[in-house]
Amino acid sequence: MYQLRLCLLLLVSTFFSLQAQQPKTYNSSEIYEAVQKLNVLGSVLYIAAHPDDENTRLISYMSNEVKARTAYLSLTRGDGGQNLIGPEIRELLGVIRTQELLAARRVDGGEQRFSRANDFGYSKHPDETLEIWNKNEVLADVVWAIRTFKPDIIINRFDHRSPGKTHGHHTASAMLSMEAFDLANDATKYPSQLELTKTWQPKRVFFNTSWWFYGSQEKFEKANKTNMHSFDIGVYYPSKGMSNNEVAAIASSQHLCQGFGRLSQRGSQQEYIEFLKGDPLKKNEDIFSGIDVTWNRVEGGKAIEAILKTVENNFNFKNPETHLQQLLEAYKLLQNIKDEHWKTVKTKELKTIIEACAGLYLEVSAKSPNAAPNSQVTLDMEVLNRSKANIDLVSYNLSTMNNGISKNMNLSSNQKLNFEESITIPNNSAYTTPYWLNKKSTLGMYNVKDQNLIGLPETPRAVFVDFNLLIEGTPISIKKPVVYRYSKPDKGELYRPFEIIPVVSASISDKVFIFENDEQKEIEITVKAGKNNIDGYVQMAYPQGWEVFPEKQKIEIVNKGDIQKVVFTIIPPKNQSEGLITPMVNVNGEFYTDELIEIDYAHIPFQTVLMPSESKVVRLNIEKRGNNIGYIEGAGDVVPESLRQIGYTVTTIKPEQISPENLSNFDAIVMGIRAYNIVEELKFKQKFLLDYVKEGGNLIVQYNTNRGIKVDQLAPFDLQLSRDRVTNENAAVKILEPNHPILNFPNKITDKDFEGWVQERGLYFPNKWSKEFTPLLASNDKGEGSKKGSLLVAKYGKGNYIYTGLSFFREFPAGVSGAYRIFANLLSAEKADKPSFKN
Ligand SMILES: [Zn+2]
């Protein structure tokens, strides 16, 4: 099953990879669909919390069947999740998920918006969510989304009335939507926004309910549906050769990093929305009832409609260019309407249609994928008119120059023109990087002050060209961002966005360096040139009490894109200490301290992200007993690397290698996270593992989920897993058994060891266990009862069976000292007779 799903994922990803990177062009059916949509002046805003929350069936239906302008407002970018396709986590995962949402919208025809809320991980209750997010700022952003997008209809994915039943972010998204619905039209609320936009009152807000919210299909069938409206979201689109639900499946399959590749569905299928507030609606009445969604909506729209309806009703699929005159006529009328909002929205749509009908090909490609400020880059412009229309290229404006370049050339039918321009990237150009990561974020919020950027999915491209055309006498200018076009023998033609990068960037080989004693370590720095002939030096910034040698290292790189590696020696202080190290590269008197991260997947456009280049250094006060650790892999964690960092010898044991003889070589065995959920063979090997304990071994089992355990007996004694978790990483931890050897040997564990934890305390704690187990710690989230299952120890035979849901797998990569010290104690249990070792 897993294999099958993977194949499907690959198919979907290769199919859409072409669309993710190449400039979009339109065939006749697509032009026709765009004309249909041009004639609808209604809009829908769908609101939820995360990438993948959105119901693409409904978004696709609203966009492709109702033809409404449809957007998904995802409050977060999904930084807190897991990545199934690569190593990126946190901010970088948020960048991937942002692009996956955009890829999904390219398929279902929606637009994408965000707020500044940060996905800080699982939250049990909206009260907690709204405490960690800055509620006022996120609410302001929802109001801003409503005031700028101006939806007639809002649809919430989640139920604002059921806090605690799902992820707190989910319920919070619906609660904020309900609140913003009442505030968006109130000029006294968030008045500074009104310098840039106007107030807006959406007509109605709905909740996109389903049987899931009722617990079962049967319960939902019996539910009172007086306030519900339903749509057949299985409609077939002949122009696409696909049903709406098929389009939706391809859209949601763009969420590849979450393993969302899914099978498509066809045929009639009902989707329900429940009326919440706004203008009352009768049963089976159109959800837009009372809103004119035709051109009559705007003053001066009637004349435009007369033309555009004629185009729609008599659309020439063989030769759409026959509509150019009419489209241009409508374009001219549109420029005179007073309604600025619809003028902007519809002008953009109409320009795209005109460009497509004329078969215009306008492209600006740079000769290199990126350039640093103050350096030169050559642009190739391709201008082609593939219609019989009379089109002139009057001039073009490059965003890097003040004055336009005059051309005054007629574009003969199908005669390609090429121009070359050499530009200098302005010295003050901003680097290409996600705008929301420019400033340090907090746990709950991204830090963005520029109101015009708030809500945008991406940073607007800094380098672009406006082509000023005269199409059949009508002046129209069309904007194109600069791209980089190249080919690979095994992939064909590829596109990347053109990027502005720093003169130099530097990265450190690891994110965390643990010093388990006062021995020095060597750290490798990689410096990459963003332009030719880099001549400078690197020095390190480091915390007080630490030492770094040498003070400076020379850097000389001839070619842009090349790297140079240098090694620094780091000497830790005598006592426990931690801090950050940063390479500072000096070129021509200026310091550069960022790392340039490239994200390259086929299903999304190439991304570069600039982040402060820094790593954590931790000097631990840690004692250890035993040395040889066996590790049995689960769903993947960095426990082996982390234990090696503090000097253990860690051997990965494959399931087929689990035998009594093999296990007896190890001082302790560690099970990777969710090993009992995914490793089938453990069914046959569990006996050996428990026997190993009986004979005097230490078995440390990290968390598993309570569904789908592959073994009958997880532990030597009764142990019941639950969904108990403590999501607040700062929640107080009570030491229940202060005298227990595991909390005292070889390291004395105190409250201090629970400081500086990240993301959570732990998850899937057992909630029932037999008397042989001793619970060592207790902790709980606000408003909940004490949970004692995070660390359970049982003597079994001559050894120890330890079950822990503490999130070591998250704390190790973050360099959390206490997590290392506690884990060392688990590995050292009953090893008092063994001498401490030094490696
Ligand atoms: Zn979600």
Side-chain angles (χ1 to χ4, degrees), residues 45-59 71-85 88-91 93-105 108 110 112-133 135 138 141-142 145 154-178 206-213 215 248-249 251-262 271 273 443-446 457 705 723 725 727 759-760 763-764 781:
L45 182 64
Y46 196 89
I47 300 181
H50 306 119
D52 85 353
D53 285 346
E54 83 276 23
N55 179 348
T56 52
R57 295 180 300 274
L58 199 53
I59 291 176
Y72 171 38
L73 169 61
S74 175
L75 294 191
T76 75
R77 296 174 188 264
D79 302 27
Q82 283 163 351
N83 182 358
L84 301 184
I85 57 171
E88 296 85 1
I89 53 164
R90 301 296 315 158
E91 296 93 337
L93 182 58
V95 172
I96 295 178
R97 288 186 164 187
T98 296
Q99 289 300 325
E100 290 187 339
L101 278 175
L102 288 169
R105 298 294 82 79
D108 63 30
Q112 187 59 48
R113 302 285 168 114
F114 292 93
S115 84
R116 286 170 291 175
N118 200 341
D119 177 6
F120 56 82
Y122 191 77
S123 173
K124 287 173 186 165
H125 200 278
D127 289 352
E128 182 206 47
T129 301
L130 294 173
E131 240 173 67
I132 295 176
W133 287 351
K135 189 204 160 181
V138 186
D141 291 358
V142 181
I154 292 177
I155 301 176
N156 298 341
R157 165 78 280 193
F158 297 103
D159 192 346
H160 64 289
R161 297 158 297 196
S162 55
K165 275 201 177 158
T166 170
H167 198 319
H169 297 177
H170 291 166
T171 315
S173 74
M175 291 164 73
L176 292 171
S177 164
M178 292 298 277
F206 296 88
F207 158 46
N208 182 194
T209 188
S210 81
W211 67 265
W212 186 86
F213 294 94
S252 67
S253 292
Q254 301 304 303
H255 296 301
L256 289 181
C257 74
Q258 315 198 55
F260 247 61
R262 56 170 61 159
E271 190 69 50
I273 59 173
L443 177 65
M445 295 302 292
Y446 295 118
T705 65
R723 297 182 67 83
R725 61 200 293 173
T727 56
Q759 193 150 346
E760 61 189 356
L763 68 175
Y764 293 105
D781 280 324

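This is a predicted model, so every value here is computed, not measured. Whatever order the structure lists them in is the order used to number ligands and atoms, beginning at 1.
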Checking His125 against Glu131: is there a side-chain donor and acceptor pair closer than 3.5 Å?
no

Atom name in His50, limited to N/O/S, at shortest distance from the Zn ion (ligand 1):
ND1

Restricting to N/O/S atoms, is His170 within less than 2.8 Å of the Zn ion (ligand 1) or not?
yes

Between Asp108 and Thr56, is there a side-chain donor-acceptor contact under 3.5 Å, judged purely by atom types and distance?
no

Name of the Asp53 atom (N/O/S only) found closest to the Zn ion (ligand 1):
OD1

Under 6.0 Å between the ring centres of Phe213 and Phe207?
yes

Determine the sole option in His170, Arg157, His167 for which the side chain to side chain donor-acceptor pair (under 3.5 Å) test with Asp53 is passed.
His170

